[in-house]
Amino acid sequence: MDGRIILADSDRPGETLEAEVISRDEAVLTLAVPNTNVQFRLLRRDRDYVRYEGSLGGRNFYFVPPLPEARNAIVPKRSRYYGVAASRRR
């Protein structure tokens with residue numbers, strides 16, 4: 001996940017914030033607000049929780065990674081059902 005992403009506001013449905021990804025791991029997503037010096041972090045509650053959550057300036061934001069990334073985090077790479085084999089499984 002690189003570039004810019006759109007964050008949803010938990011308290012204000014329909015309002016979003018565009019942010020630039022600085023770094024990411026399983027627990028922390030570090031972001032910057034474009035054209036400013038503002039940086040902040042979104043956190044996951046645990047490894048099984050897909051959504052990153054955090055706040056900035058009194059507003060609560062969240063980001064849900066796209067489905068393929070979430071699936072890769074759950075299905076072990078060594079599984080015989082990983083990748084193309086998973087789509088052929090009946």
Side-chain angles (χ1 to χ4, degrees):
M1 176 182 1
D2 292 336
R4 293 187 178 183
I5 59 173
I6 303 296
L7 306 176
D9 189 319
S10 301
D11 301 322
R12 300 174 186 171
E15 290 192 31
T16 60
L17 173 68
E18 184 175 359
E20 190 159 338
V21 177
I22 297 173
S23 66
R24 175 182 80 84
D25 63 30
E26 288 185 14
V28 180
L29 181 61
T30 305
L31 305 166
V33 178
N35 302 317
T36 70
N37 292 328
V38 176
Q39 293 184 7
F40 64 106
R41 291 186 176 118
L42 300 181
L43 307 172
R44 279 187 170 156
R45 293 182 188 174
D46 59 46
R47 292 179 66 189
D48 297 327
Y49 196 70
V50 176
R51 182 167 126 162
Y52 290 92
E53 301 174 323
S55 62
L56 175 66
R59 293 178 65 184
N60 298 310
F61 294 101
Y62 68 89
F63 175 72
V64 179
L67 185 59
E69 181 177 316
R71 186 180 307 135
N72 288 343
I74 295 170
V75 178
K77 290 185 179 182
R78 292 184 180 167
S79 168
R80 66 182 185 158
Y81 300 116
Y82 179 76
V84 176
S87 64
R88 294 182 185 164
R89 193 177 110 201
R90 292 182 190 199

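Start at 1 with the first residue, then count along the sequence. This is a predicted model, so every value here is computed, not measured.
- Other members of the hydrophobic cluster containing Val28, listed by chain and number, are Leu43; membership follows side-chain contacts under 4.5 Å among ILVMFWY residues, whether direct or relayed.
- Side-chain contact between Phe40 and Ser55 is absent, with no heavy-atom pair separated by less than 4.5 Å.
- For the side-chain contact (heavy atoms from CB on, under 4.5 Å) test, residues two or more places apart in sequence or in another chain that qualify with Ala32 are Ile22, Gln39.
- Contact annotation: the side chain of Leu7 approaches that of Leu31 to within less than 4.5 Å [non-hydrogen atoms, C-beta and beyond].
- Under the salt bridge (charged side-chain N to carboxylate O under 4.0 Å, His left out) criterion, the residue pairs touching residues 25-40 are Glu26-Arg47, with sequence neighbours excluded.
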When the side chains of residues 8-20 are checked against the rest of the protein, which donor-acceptor pairs come out under 3.5 Å, sequence neighbours left out?
from	atom 1	to	atom 2	distance (Å)
Asp9	OD1	Asp11	N	2.9
Asp9	OD1	Arg12	N	3.2
Asp9	OD2	Arg59	NE	2.8
Asp9	OD2	Arg59	NH2	2.9
Asp11	OD2	Asn60	ND2	2.9
Glu15	OE1	Arg59	NH2	3.2

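- When every heavy atom of Leu42 is checked against every heavy atom of Phe63, the shortest pair comes out as CD1-CB, 4.1 Å.
- Across all their heavy atoms, Thr30 and Arg41 have their closest contact at OG1-NE, 3.6 Å.
- Evaluation of the side-chain contact (heavy atoms from CB on, under 4.5 Å) rule for Thr36 yields Val33, Val38 as partners, not counting sequence neighbours.
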